[in-house]
Visitor: 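Take this structure, written in structure tokens, and hold onto it; I'll ask about it next.
Everything numeric here is computed off the predicted structure, so don't read it as measured data. These values consider heavy atoms only, across backbone and side chains, with no hydrogens, waters or symmetry-generated copies.
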Amino acid sequence: MKIVLDIVIIIGFIVVTFFGLGPVLFADGSRLERLITLLVVICLYVLLTLAFKWVKKRYK
């Protein structure tokens, strides 16, 4: 079970990196739009990191 949860969280990191940082770095939008996207991506990274730590702590 622990390995499955680890894989799901790692896939989450990959998806957020691919679909989150791409628009931040390569988008044609305004600076404000890109900054808002960056804040959302950072929040998602924080949530995924907290989930990863919770899984590690819960399933030792």
Visitor: Do you reckon V8 sits in the same ILVMFWY cluster as V55, going by side-chain contacts under 4.5 Å, direct or chained?
Guide: no
Visitor: Using the rule that Ile, Leu, Val, Met, Phe, Trp and Tyr join whenever any side-chain heavy atoms are under 4.5 Å apart, tell me whether V16 and L21 fall into a single cluster.
Guide: yes
Visitor: Using every non-hydrogen atom in the two residues, find where K56 and D6 come nearest and quote the distance to one decimal.
Guide: NZ-OD2, 3.5 Å
Visitor: In Å, rounded to the nearest 0.5 Å, how long is the span from CG of L48 to SG of C43?
Guide: 11.5 Å
Visitor: Rounded at 0.5 Å granularity, tell me how far CG in D28 sits from CD in E33.
Guide: 9.5 Å
Visitor: Roughly how far, to the nearest 0.5 Å, is CG of L47 from CH2 of W54?
Guide: 14.0 Å
Visitor: Apply the side-chain contact (heavy atoms from CB on, under 4.5 Å) test between V40 and each candidate in L38, T37, L44; give the one that qualifies.
Guide: L44
Visitor: Are I10 and I7 connected in a single hydrophobic cluster, I mean Ile/Leu/Val/Met/Phe/Trp/Tyr linked by side-chain heavy atoms less than 4.5 Å apart?
Guide: no
Visitor: Which value, rounded to the nearest 0.5 Å, describes the distance between K57 atom NZ and F52 atom CZ?
Guide: 15.0 Å
Visitor: Take atom CG of L50 as the centre, draw a 6.0 Å sphere, and report whether it contains more than 12 heavy atoms from other residues, nucleotides or ligands.
Guide: yes
Visitor: Any chain of hydrophobic side-chain contacts (each under 4.5 Å) joining I11 to I3?
Guide: yes
Visitor: Hey, what's the ring geometry for F13 with Y45, parallel, tilted or perpendicular (30° and 60° as the breaks)?
Guide: parallel
